[in-house]
Amino acid sequence: MTTITKNVSPVGYRVRTFITAPMQKYPFIFSDEWKYRIQRHVAFWLFWWIFQAILYSFVASNTLLAYVERLPMALLESFLFMFTHMFLAYSLMYFVIPVFLLKQKYWPTAVVTIILFFITAFISTLIGRFIVDAIRENMMRPENNVFRRTTSATTYLSLLSGLRGGITIGGIAAAIKLMKYWYLKEQRNLQLQKENAESQLQLLKAQVHPHFLFNTLNNIYSYTQNNSPIAGQMVTGLSDLLRSILYECNQRVIPLSKELKMIQDYINLEQIRYGDKLDLHVDIPAETNDLYIAPLLLLPLVENSFKHGASNMLDQPWISLRIAIDNKQMHMKLVNGKIKEPEQKTSASGIGINNVKKRLELVYPEKNQLLITNDDEVFIVSLKIQLEQIKETVRIPQIKYEAVNA
């Protein structure tokens, strides 16, 4: 049986659904469930249809007719022109804004928007000249021939009318979408600040007596240096790992090289513990391209592979880790064997991986892709993250080794 968990960030600007407070309180406005989205769009366009029909019913040329005759025609005209308005509104909301505006491409935003406005005006003109005018001529009574003469607007005026309507509906739709986006983004930032505050509190709790901890480790190291060099090596590795966690991981981001160094230290400690029984393949890049990453984001995944994989396998435990960098994107693929037992199926939802998922959603929205495959005998984690690049050259020695069963 295979269980696959995905955490994919699509291209676009839709804020993730983990911001539950506004969605639970106002699901009609913020929920991404299809039933609420359909209700929102139907309500919006129904309002716009009736609003436009009321405006069309009071056009000066239509006042020659009784209102009961004007209103049905106005409703039909509003319905026909609404398709061009939908084209413009959805083009702005789901193409121009996410592809150009939110990526700070302002000149392309302006150019594409103007082109869409004129396309909408041109389509509206075609509908008005060849459909609406024909319907008016067929529906009006012969004694209202003056109506046909007074309402046959020139192409120029029709373009202006279509342009005015397009700008109006496009501006309203884009404004609603942007207000929703910025509100949810603010909610996400507030939640991120709350998560950071809680993390700092936990970190402070862990730093109650750090000097005592390191002094004790140094004393243990001095006692084991002569009697057990391997134990001394483990104490040194543990000390370096704890020092990195306590003192270097209290920033928003740290150099990717430091995160990789912590992974190396952790793997070295585990490799000493397993010795030749562990089949270990590790490939970590030497050059990090000045990339920075949120601290302690990758280490829990590696720890999970040992905790739920190698430690439970009595015969031939194995782990394969490969981290590659392509421009600003980091790709990590972690594969480990595991025993075929029913209780192992829950390892994909452990606390460590759940915390990683949550942090990815908070720190790297729209910039991460996490794919977890939990099979009967293998556990695979594939993670891609678009990282920050800060010009500061930090290098670590390349590590690429294999420890195979003797």
Side-chain angles (χ1 to χ4, degrees), residues 26-31 34-97 113-181 183:
Y26 308 105
F28 179 76
I29 300 176
F30 296 106
S31 177
W34 276 105
K35 64 176 182 178
Y36 292 113
R37 297 185 69 183
I38 292 174
Q39 290 174 9
R40 282 199 303 268
H41 288 250
V42 170
F44 176 81
W45 290 113
L46 183 62
F47 168 80
W48 181 251
W49 174 44
I50 296 175
F51 176 74
Q52 285 287 96
I54 294 174
L55 289 182
Y56 290 150
S57 66
F58 286 101
V59 173
S61 58
N62 283 358
T63 55
L64 298 174
L65 301 174
Y67 188 77
V68 293
E69 295 180 275
R70 299 198 307 262
L71 185 58
M73 187 63 198
L75 287 170
L76 180 58
E77 290 181 28
S78 177
F79 180 77
L80 293 174
F81 286 122
M82 192 168 63
F83 291 100
T84 62
H85 298 161
M86 286 182 174
F87 161 76
L88 177 62
Y90 289 123
S91 297
L92 291 176
M93 289 189 295
Y94 297 110
F95 175 67
V96 176
I97 292 177
T113 300
I114 292 174
I115 292 175
L116 288 174
F117 280 153
F118 279 102
I119 291 176
T120 303
F122 178 72
I123 297 175
S124 297
T125 300
L126 294 180
I127 293 175
R129 300 290 292 170
F130 296 102
I131 299 179
V132 174
D133 282 353
I135 293 175
R136 284 175 175 171
E137 183 177 358
N138 292 329
M139 292 182 63
M140 296 299 103
R141 297 193 302 269
E143 58 268 24
N144 290 325
N145 287 336
V146 64
F147 173 79
R148 181 176 182 276
R149 291 194 301 271
T150 58
T151 58
S152 297
T154 64
T155 302
Y156 173 74
L157 293 178
S158 297
L159 280 172
L160 289 182
S161 178
L163 189 62
R164 178 187 59 198
I167 292 175
T168 302
I169 186 59
I172 293 175
I176 292 175
K177 200 67 177 180
L178 285 174
M179 285 190 294
K180 178 183 174 182
Y181 166 76
Y183 174 78

Hey, does W48 have a side-chain heavy atom less than 4.5 Å from the side chain of Q52?
yes
Could you go through the side-chain contact (heavy atoms from CB on, under 4.5 Å) check for H41 and Y90 one step at a time? CA-CA 11 Å; H41 288 250; Y90 289 123; 2.7 Å; yes
Across all chains, not counting sequence neighbours, the ring-ring contact (aromatic ring centres under 6.0 Å, His included) partners of F95 are F100
Smallest heavy-atom separation, I167 atom then L88 atom, equals N-CD2, 4.4 Å
Between W45 and M82, the two heavy atoms sitting closest are O-SD, 3.5 Å
Checklist entry - Any sub-3.5 Å donor-acceptor pair from T84's side-chain atoms to F81's backbone N or O? => result yes
For F83, the ring-ring contact (aromatic ring centres under 6.0 Å, His included) test, sequence neighbours excluded, returns F79
Taken to the nearest 0.5 Å, the spacing of H85 NE2 from T168 OG1 works out to 8.0 Å
Sorted by chain and residue number, the side chain to side chain contact (heavy atoms under 4.5 Å, CB included) partners of S91 (sequence neighbours excluded) come out as F87, L116
Sorted by chain and number, sequence neighbours left out, side-chain hydrogen bond (donor to acceptor under 3.5 Å, both in side chains) with Y36 holds for none
Residues passing the side-chain hydrogen bond (donor to acceptor under 3.5 Å, both in side chains) test with W49, sequence neighbours excluded, are none
Applying side chain to side chain contact (heavy atoms under 4.5 Å, CB included) to I50 and not counting sequence neighbours gives L46, I54
TODO: Could you go through the side-chain contact (heavy atoms from CB on, under 4.5 Å) check for F44 and I176 one step at a time?
DONE: CA-CA 11 Å; F44 176 81; I176 292 175; 3.8 Å; yes
Would you find a donor on one side and an acceptor on the other, under 3.5 Å apart, between the side chain of S78 and the backbone of A74?
no
Contacts of T120 meeting side-chain hydrogen bond (donor to acceptor under 3.5 Å, both in side chains) (sequence neighbours excluded), chain-then-number -> none
### Query
Would you find more than 12 non-hydrogen atoms of other residues, nucleotides or ligands less than 6.0 Å from F122 atom CZ?
no
Across all chains, not counting sequence neighbours, the side chain to side chain contact (heavy atoms under 4.5 Å, CB included) partners of L80 are L76, I127, I131, V132, I135
Side chain to side chain contact (heavy atoms under 4.5 Å, CB included) filter on I38, not counting sequence neighbours, yields W34, V42
